[in-house]
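The shown structure was predicted, so the numbers you read here are calculated from the model rather than taken from an experiment. Atoms within each ligand, like the ligands themselves, are counted from 1 in listed order.
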Amino acid sequence: METSNPQTQFLLNENEKLRSILQISKIIGSEIHLDNLLQIIIRETSHVMEADRSSLFLVDAAKKELWSKVAEGMDPFTKVIRFPMSVGIAGAVATGGEAINIPDAYQDPRFNPEIDAKTGYRTRSILCMPIRNTKGKTIGVIQVLNKKSGPFTREDEDLLETLTSQAGISLENAALYKEIENLFEEVVSTIVTALDERDRTTAGHTKRVAIYTLKTAVAIHRSTAGVFADVQYSYDQLRRLRYASLLHDIGKIGVNENILNKATRLPDGHMLALLERLKRIRWYLGIAEKPRLSRDGETREEREEILKWVDEAALFLEDLNRPTRERLADEEKDRLDGIRAAHFIDPEGRAEPFLTDFEYKYFSIGRGNLTEEERSHIQSHVAKSFIILNQINWPETLEYLPLIAASHHECLDGTGYPHHLNRESIHFDAKIMAIADFYDALTAPDRPYKPQIPHDKAVAILQGEVSKGKIDEDIFKIFLEKEVYHLSHDDYQTFGMGRWSDDLKPDRILSV
Ligand SMILES: [Fe+2]
Ligand SMILES: [Fe+2]
């Protein structure tokens, strides 16, 4: 507002500045991410100070350096500027702790014209002020350049001082928040490492699932046409999805590892005991004057035939216990029943079964190498993931993380586990994770209980799951179209473990 009365005009100006300060305080106070905060402080300071541009440098006390990631007019992610604290006006303010107001930069010996020479910018006036934390320690320096209406005044100094005290509090908060984020990152990283250490055969699975999941989510976020054109991910949502993926199998900590890595029908060690028993029986049969073998109560004396039968039974059982063996055919089941019915009568006249009830139970598994009991024990890892993750009082930005993590085995048709959720009730993020998890389970190398399946075959299997209505067709389409399954070194850098909160910024990840 303009008025001819100078006193009224002064009051109006002051009022306007006060409003700006309040406005800035509000904006600065509501931002917790350091990079965003730096940009906001710089932008708002330039605006209120009626300056051409501003820079903000943070103190790296350990290295005795000033650094900045953001300078107005520069791409914030391409460059980090660092220089010794002893250099330039900013350095003088950082070390001296006093503001410096220079009306004409080129007349001041402390001014370093090199940057102007490099950038082609012409610096005239400079107002540079320390930013202090709540303990009064200088944590940064703000430098305001070229006031549009002439040199910076005493009032400008007061105004900037008010702004920097606000900025100091916010920067301190952002640093604390970052510290907490980094700590959390380290904790998750430690958990993932512990999980990998415990189960070497599936080591790497967690990270790959996180990468596949995140790459798919980013592809969905970036899609501008089709069913996902309106689906957007925020930085916090993406961060939640990343932690959910990294922690999705944490419940495996509570699963017996002998069952988790079981490769054969019989549990470890039992095949050896069985073969030893058959060897002993064979030896008895070989030396006994009158070998006696009861099969369904029948006694035979044809030694060679009996020995041959025992040898073949041993070979058959060994074959049944091969890892990755096919399903048990009907005629094989009959043969198994025949062996189970056979007994050896020892020299004392006691009947000893060729196959114990325990062994028979495992050999007669129809498909795969797990009994129902073992299968449900392994499946319980998801419920355990939920219980473990639900112990944490997650902040609002990570709300529902346990639910997302523990829904990675749910199917759209309600046949998944643990809760038999359906298309409508499964969280969208879990639908992505289900595909990532399934694909990796198929293509992962060196699992003792299954051969590695080549990419094409894995895609065909997943396509089959789409046809059966178990996994999401559109998400799978994006997974294929964007070749999410190709893992590059860069993918590991971007989405894998470590330094997410430091180097990975939402703008970079989510930009189109
Ligand atoms: Fe799982
Ligand atoms: Fe998994």
(message) Any N/O/S atom, side chain or main chain, of His408 closer to the Fe ion (ligand 2) than 2.8 Å?
(response) no
(message) Looking only at the aromatic ring of each residue, does the gap between the centers of Phe354 and Phe344 stay below 6.0 angstrom?
(response) no
(request) Considering just N/O/S atoms, say which atom of Asp249 is closest to the Fe ion (ligand 2). (result) OD2
(request) Report yes if some heavy atom in the side chain of Tyr417 is under 4.5 Å from a heavy atom in the side chain of Arg375; otherwise report no. (result) no
(request) Give a yes or no on whether Asp437 keeps an N, O or S atom under 2.8 Å from the Fe ion (ligand 1). (result) no
(request) Quick one: the NE2 of His409, the Fe ion (ligand 1), NE2 of His381 angle, rounded to 10°, please. (result) 90°
(message) What I'd like to find out is whether the side chain of Leu389 reaches to under 4.5 Å of the side chain of Trp394, using heavy atoms alone.
(response) yes
(request) Please name the residue in the list Leu37, Asn133, Ile32, Thr134 that meets the side-chain contact (heavy atoms from CB on, under 4.5 Å) test with Asn173. (result) Ile32
